[in-house]
Novice: 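Structure in structure tokens, see below.
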Amino acid sequence: MSLKPQRPHSIDELFARASELAGQRFADLAAAAQLPIPNDLRRDKGWVGMLLEHYLGATAGSKPTQDFPELGIELKTLPVDANGKPLETTFVCVAPLTDLAGVNWQTSNVRNKLQCVLWLPIDGRREIPLADRVVGSAFIWQPSAAQESMLQRDWEEHMDRIALGEVEHITARQGVALQIRPKAADGSALTDAIGPDGSIIQVRPRGFYLKTSFTEQIIRQVFHAV
DNA sequence: TCCTGATCATTA
DNA sequence: TAATGATCAGGA
């Protein structure tokens, strides 16, 4: 384990480094990084993701790009239960609500981020103290043709509604693999969106999320069991 | 019990 | 405000 992580220069190097994390306790990783470990994640929801990003040398910051642009790879932690089933949906990116002219699936942020993902399953069981939870086995995934068309269908359906000014009628129930839900600091956060009559309205910002049923299929496909 | 809608921390 | 990292928690 490197105490002073550097940016990986190849996918192999990144994958090897991620694989070394398997079985390691969050307490040990936090100690080596000299980071305080919270009692739970209620006030530190992104703590595990940030910790592992640190170890793998991902670029800090809030740019809407892949975590490793030069490798074309996005890093995602995936909290799972004792059976390896995902416990949470997976945030992908913010959903554009205005200026949709020329926006299409091929150039979308969703497709870009999901083209190649380094998944890092993590123990997400709340009944286990955070310090005692461990990292799982990393794997690299690229959507199959079937998975991508599923994502594309969902994405186009969501974007059609947004373009038609129906953003406020979008529910998390819509979409087979990809859903849209609020994504904000709190209820006071507002952003521009297209209204029913085509004018600009203020709404809660939205994000694209992968449903747990979809990430569960990915896990099954890789580990051949659940 | 599960899942949707709400929320938390941080940086720029 | 908007982007990143996500999980919480109560109602269906």
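Protein chains get the first letters and strands the later ones, always in sequence-line order, with residue 1 at the start of each. Only heavy atoms go into these numbers, but all of them, side chains included; no hydrogens, no water, no symmetry mates.
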Novice: Across the strands shown, which category fits A:Leu190 at heavy-atom distances under 4.0 angstrom: base, sugar-phosphate, nothing?
Specialist: sugar-phosphate
Novice: For C:dG5, does either OP1 or OP2 sit under 4.0 Å from a side-chain N or O belonging to A:Lys76?
Specialist: yes
Novice: To the nearest angstrom, how far is A:Phe208 atom CZ from C:dA6 atom C1'?
Specialist: 18 Å
Novice: Counting just side-chain N and O atoms, does A:Thr77 come under 4.0 Å of either OP1 or OP2 of C:dA6?
Specialist: yes
Novice: Among the nucleotides C:dA6, C:dG5, C:dA9, which one has an atom lying closest to any side-chain atom of A:Glu53?
Specialist: C:dG5
Novice: May I have the distance from A:Asp123 (atom CG) to C:dT7 (atom P), rounded to whole angstrom?
Specialist: 12 Å
Novice: Please report the closest heavy-atom contact between A:Tyr55 and A:Ala32, naming both atoms and the distance.
Specialist: OH-CB, 3.0 Å
Novice: When you match A:Pro79 and A:Pro64 each to their closest nucleotide on DNA chain C, which lands nearer the 5' end?
Specialist: A:Pro64
Novice: Let me know, please, whether A:Ala184 or A:Gln179 comes out on the 5' side of the other along DNA chain B by nearest nucleotide.
Specialist: A:Gln179
Novice: Using the benzene-type ring in the case of Trp, are the ring centres of A:Phe139 and A:Phe15 under 6.0 Å apart?
Specialist: no
Novice: From CG of A:Leu41 over to P of B:dT10, roughly how many Å is that when rounded to an integer?
Specialist: 14 Å
Novice: Between A:Asn83 (CG) and B:dC2 (P), how many Å, whole number?
Specialist: 11 Å
Novice: Indicate, with a heavy-atom threshold strictly under 4.0 Å, whether A:Gln66 touches base, sugar-phosphate, or nothing.
Specialist: nothing
Novice: Work out which heavy atom in A:Arg206 is nearest to a heavy atom in A:Ile170; give both atom names and the distance.
Specialist: NH1-O, 4.3 Å
Novice: Describe the nucleic acid contact of A:Asp67 in one word from base, sugar-phosphate, nothing, applying a heavy-atom distance below 4.0 Å.
Specialist: sugar-phosphate
Novice: If you take atom types as modelled and just measure distance, does the side chain of A:Lys45 reach the base of B:dT7 with a donor-acceptor pair under 3.5 Å?
Specialist: yes
Novice: Does A:Glu216 come within less than 4.0 Å of A:Lys211, counting only side-chain N to carboxylate O?
Specialist: no
Novice: Once you apply a heavy-atom cut-off of 4.0 Å, does A:Gly187 come out as touching a base, just sugar-phosphate, or nothing?
Specialist: sugar-phosphate
Novice: If I take atom NE2 in residue A:His54 and atom P in nucleotide C:dA6, what distance separates them, rounded to the nearest angstrom?
Specialist: 15 Å
Novice: Ignoring hydrogens and geometry beyond distance, is a side-chain donor-acceptor pair present between A:Trp141 and A:Gln147 at under 3.5 Å?
Specialist: yes
Novice: Could you check whether A:Pro205 gets within reach of a base, just the sugar-phosphate, or nothing at all, counting any heavy atom under 4.0 Å?
Specialist: nothing
Novice: Please evaluate the base of B:dG5 for a donor-acceptor partner in the side chain of A:Lys183 within a cut-off of under 3.5 Å?
Specialist: no
Novice: Tell me which of A:Thr212 and A:Ser188 sits closer to the 5' end of DNA chain B, going by the nucleotide each one is nearest to.
Specialist: A:Thr212
Novice: Reckon A:Gly46 touches a base, only the sugar-phosphate, or nothing at all at heavy-atom distances under 4.0 Å?
Specialist: base
Novice: Rounded to whole angstrom units, what separation is found between the CD atom of A:Gln202 and the C1' atom of C:dA2?
Specialist: 13 Å
Novice: To the nearest angstrom, how far is A:Glu168 atom CD from B:dG5 atom P?
Specialist: 13 Å
Novice: So, for A:Cys93 and A:Asn109, which heavy atoms are closest and what is the spacing to 0.1 Å?
Specialist: SG-CB, 3.9 Å
Novice: Identify whether any heavy atom of A:Arg181 sits under 4.0 Å from a base atom; if not, whether one sits that close to sugar-phosphate; answer base, sugar-phosphate or nothing.
Specialist: base
Novice: Out of C:dC8, B:dG5, C:dG5, which has the shortest distance to the side chain of A:Arg173?
Specialist: B:dG5
Novice: Identify the heavy atoms of A:His158 and A:Gln179 that sit nearest to each other, and give their distance.
Specialist: NE2-CA, 3.8 Å
Novice: What is the nucleic acid contact for A:Arg204, judged by heavy atoms within less than 4.0 Å: base, sugar-phosphate only, or nothing?
Specialist: sugar-phosphate
Novice: Between A:Arg126 and A:Trp47, which has a closest nucleotide on DNA chain C that is more 5'?
Specialist: A:Trp47
Novice: Does A:Thr191 reach a base, just sugar-phosphate, or nothing at all? Heavy atoms under 4.0 Å.
Specialist: sugar-phosphate
Novice: What nucleotide among C:dT4, C:dG5, B:dT4 has an atom nearest to a side-chain atom of A:Ala172?
Specialist: B:dT4
Novice: In whole Å, what is the span from the CG atom of A:Leu56 to the P atom of C:dG5?
Specialist: 13 Å
